[in-house]
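I have placed the structure first, in the form of structure tokens, so that the comments after it can refer back to it.
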Protein chains: 2
Amino acid sequence: MTQSTLEPDRAAGAPPNRGSDSHAVAARFAALSHPARIEILKHLSASNSCCCREVVDRFDLAQSTVSQHLKILVEAGLVRFEPDRQRSRYAVDRSALADVSASLNALVNSCCYGR
Amino acid sequence: MTQSTLEPDRAAGAPPNRGSDSHAVAARFAALSHPARIEILKHLSASNSCCCREVVDRFDLAQSTVSQHLKILVEAGLVRFEPDRQRSRYAVDRSALADVSASLNALVNSCCYGR
DNA sequence: GCCGTTCATCGTCTATCGCCGATGAACGAT
DNA sequence: ATCGTTCATCGGCGATAGACGATGAACGGC
């Protein structure tokens with residue numbers, strides 16, 4: 001819906017400019033667009049990897065809420081999920097995060113290349 | 001609402017990590033979390049500054065929709081607005097954009113400092 | 001003075017977000 | 001076998017996002 005003419009090179013079989021597809025980039029930013037998720041990311045990275053519960057009693061959010069936030073981060077590819085028995089492991093995907101950063105840098109550069 | 005314990009160092013008189021307040025950062029990412037707004041940003045920067053109309057007939061969105069997107073970008077501080085008669089001028093605030101990029105870099109670094 | 005253009009704003013609609021409590025599955029420990 | 005813990009998912013609720021058309025103000029040109 002509403003993808004309209006935003007991505008003219010979308011329908012074609014072209015695998016064009018990886019890393020600067022507006023939809024993909026926007027989706028990643030969306031995952032970062034909530035303070036709770038940013039804090040969760042920090043927390044995850046501080047303690048190399050966490051289970052859900054660990055996050056839950058750090059921030060006072062309901063377990064279901066935290067689970068959802070984690071899911072969003074996972075689906076955005078920013079966090080890797082490893083279902084280890086009960087203690088499912090959530091860990092920051094540092095390269096993915098660096099990737100987003102690179103995308104943003106690219107955007108900033110494309111906005112400043114002339115000067 | 002729901003700011004709860006997300007910012008543990010909020011209530012104290014501490015002026016702690018300016019520039020990495022999760023709320024502020026998240027708000028900027030929110031502005032970037034829509035493909036149309038990313039494309040608009042690119043367009044704005046390509047043609048140094050634009051009026052609303054110019055953006056409107058580049059992307060096929062209603063004028064009101066574009067106006068809203070621009071407003072969101074302005075309110076996020078990513079775009080500067082100069083009401084020049086009819087042809088209101090919208091221009092990317094490059095330093096603000098660089099700032100967001102820096103915030104994200106900081107986040108990435110804080111996620112990778114150990115390795 | 002009158003018309004066309006530009007644009008911000010309002011009202012409306014639908015879809016999604018963000019939160020929660022409840023539920024049920026999976027597993028560990030006793 | 002049973003109980004407690006962990007966690008993903010569902011359903012519901014209020015709020016917000018994103019889209020549009022319509023409206024009215026401001027201005028330029030005729």
Side-chain angles (χ1 to χ4, degrees), chain A residues 1-7 22-23 26-41 43-44 47 49-76 78-91, chain B residues 1-7 22-23 26-41 43-44 47 49-76 78-91:
Chain A
M1 70 296 276
T2 15
Q3 78 211 54
S4 47
T5 17
L6 279 177
E7 296 300 329
S22 303
H23 281 83
R28 306 233 167 186
F29 286 146
L32 291 172
S33 72
H34 195 286
R37 287 196 287 271
I38 292 185
E39 291 296 326
I40 289 176
L41 265 189
H43 182 63
L44 285 186
S47 52
S49 101
C50 287
C51 64
C52 177
R53 171 104 200 314
E54 210 169 337
V55 180
V56 168
D57 45 45
R58 171 144 177 108
F59 312 97
D60 68 351
L61 292 172
Q63 178 265 325
S64 53
T65 304
V66 171
S67 191
Q68 279 190 148
H69 279 309
L70 286 170
K71 187 179 185 180
I72 289 172
L73 287 170
V74 169
E75 283 175 345
L78 300 180
V79 164
R80 251 171 311 150
F81 170 63
E82 208 145 346
D84 175 16
R85 314 284 181 172
Q86 243 109 28
R87 308 254 157 176
S88 308
R89 290 258 149 269
Y90 289 93
Chain B
M1 70 295 277
T2 16
Q3 78 210 54
S4 49
T5 20
L6 279 178
E7 298 297 331
S22 305
H23 281 82
R28 306 235 167 182
F29 285 143
L32 291 172
S33 72
H34 195 288
R37 287 196 287 271
I38 293 185
E39 291 295 328
I40 289 176
L41 264 189
H43 182 64
L44 285 187
S47 52
S49 101
C50 286
C51 63
C52 177
R53 171 104 201 313
E54 210 168 338
V55 179
V56 167
D57 45 45
R58 172 145 177 106
F59 312 97
D60 68 350
L61 293 173
Q63 179 263 327
S64 52
T65 303
V66 170
S67 191
Q68 280 190 148
H69 280 309
L70 286 171
K71 187 179 184 179
I72 289 173
L73 288 170
V74 168
E75 283 174 345
L78 299 180
V79 163
R80 253 172 311 152
F81 170 63
E82 209 146 347
D84 176 18
R85 316 282 183 173
Q86 244 113 26
R87 307 252 157 178
S88 309
R89 288 260 149 271
Y90 289 93

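Bear in mind that the values here come from a model prediction, so they are computed numbers and not experimental data. Numbers restart at 1 for each chain; the letters A, B, ... are given by sequence-line order, proteins then strands.
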Q) Minimum heavy-atom separation for Ser49(A) to Arg89(A), with atom names? A) OG-CD, 2.9 Å
Q | Under-4.0 Å side-chain N/O to phosphate OP1/OP2 contact, His34(A) with dC19(C) | A | yes
Q: Let me know the distance between CG of Leu70(B) and C1' of dT9(C), rounded to the nearest Å.
A: 14 Å
Q. Side-chain contact, heavy-atom cut-off 4.5 Å: Leu32(B) with Leu78(B)?
A. yes
Q) Would a 4.5 Å heavy-atom cut-off, applied to side chains only, mark His43(B) and Glu39(B) as touching? A) no
Q) Counting side-chain heavy atoms from C-beta on, which of dC20(D), dA8(D), dC7(C) comes nearest to Thr65(B)? A) dC20(D)
For nucleotides 10-13 of chain D, tabulate all protein N/O to nucleotide N/O atom pairs closer than 3.5 Å, reporting atom names and distance.
none

Q: Ignoring hydrogens and angles, tell me if any N or O in the side chain of Ser67(A) forms a donor-acceptor pair with the backbone of Ser64(A) under 3.5 Å.
A: no
Q) Atom CG of Asp57(B) to atom P of dT5(C): distance rounded to whole Å? A) 13 Å
Q | Between C1' of dC7(C) and CD1 of Ile40(B), the distance in whole Å | A | 14 Å
Q. Among dC7(D), dC19(C), dC7(C), which nucleotide sits nearest the side chain of Cys51(B)?
A. dC7(C)
Q | Sequence-distant partners of Arg37(B), side-chain hydrogen bond (donor to acceptor under 3.5 Å, both in side chains), two or more places apart | A | His69(B)
(Q) Do Leu44(A) and Val55(A) have side chains that approach each other closer than 4.5 Å (heavy atoms only, starting at C-beta)? (A) yes
Q: List in chain and number order the residues that pass side-chain contact (heavy atoms from CB on, under 4.5 Å) with Val56(A), two or more places apart in sequence or in another chain; answer none if no residue qualifies.
A: Cys52(A), Gln63(A), Val66(A)
**Q.** Position toward the 5' end of DNA chain D (nearest nucleotide), Gln63(B) or Ile72(B)
**A.** Ile72(B)
Q: Could you work out which one of dG21(C), dA22(D), dC20(D) sits closest to the side chain of Leu61(B)?
A: dC20(D)
Q. When rounded to the nearest 0.5 angstrom, what is the spacing between OH in Tyr90(B) and CG in Leu70(B)?
A. 5.0 Å
Q.
Let me test you: for the helix from dG1(C)-dC30(D) to dT30(C)-dA1(D), what is the angle between the axes at its two ends (five pairs each), rounded to 10 degrees?
A. 20°
Q: Rounded off to whole Å, could you give me the CZ-to-P distance for the Phe59(B) and dA19(D) pair?
A: 12 Å
Q: Report the distance from atom CG of Leu73(B) to atom C1' of dG18(D), rounded to the nearest whole Å.
A: 14 Å
Q) Would one find a side-chain N or O of His69(A) under 4.0 angstrom from OP1 or OP2 of dC17(C)? A) no
Q.
Side chain of Cys52(A), heavy atoms from C-beta onward: which of dC19(C), dC7(D), dG18(C) has the nearest atom to it?
A. dC7(D)
Q: Could you tell me the separation between the SG atom of Cys51(B) and the CD atom of Glu82(B), rounded to the nearest 0.5 Å?
A: 14.0 Å
Q.
How long is the straight-line distance from CD of Glu75(A) back to NZ of Lys71(A), given to the nearest 0.5 Å?
A. 5.5 Å
Q. Using a cut-off of less than 4.0 Å, is there contact between a side-chain N or O of Tyr90(A) and OP1 or OP2 of dA8(D)?
A. yes
Q: Output yes when at least one side-chain N/O atom of Ser67(A) is less than 4.0 Å from OP1 or OP2 of dA8(D), else no.
A: yes
Q: Using whole Å, report how far CZ of Arg89(A) lies from P of dC27(C).
A: 16 Å
**Q.** Rounded distance (nearest 0.5 Å) linking atom CG of Leu73(A) with atom CZ of Arg28(A)
**A.** 11.5 Å
Q | Separation of atom CD in Glu82(A) from atom P in dT6(D), rounded to whole Å | A | 20 Å
Q: With sequence neighbours left out, write down each residue that passes salt bridge (charged side-chain N to carboxylate O under 4.0 Å, His left out) with Arg80(B), or none if nothing qualifies.
A: Asp93(B)
Q: If a protein heavy atom is under 4.0 Å from the base, mark B; if only from the sugar-phosphate, S; if neither, -; do that for nucleotides 25-30 of chain D going 5' to 3'.
A: -BBS--
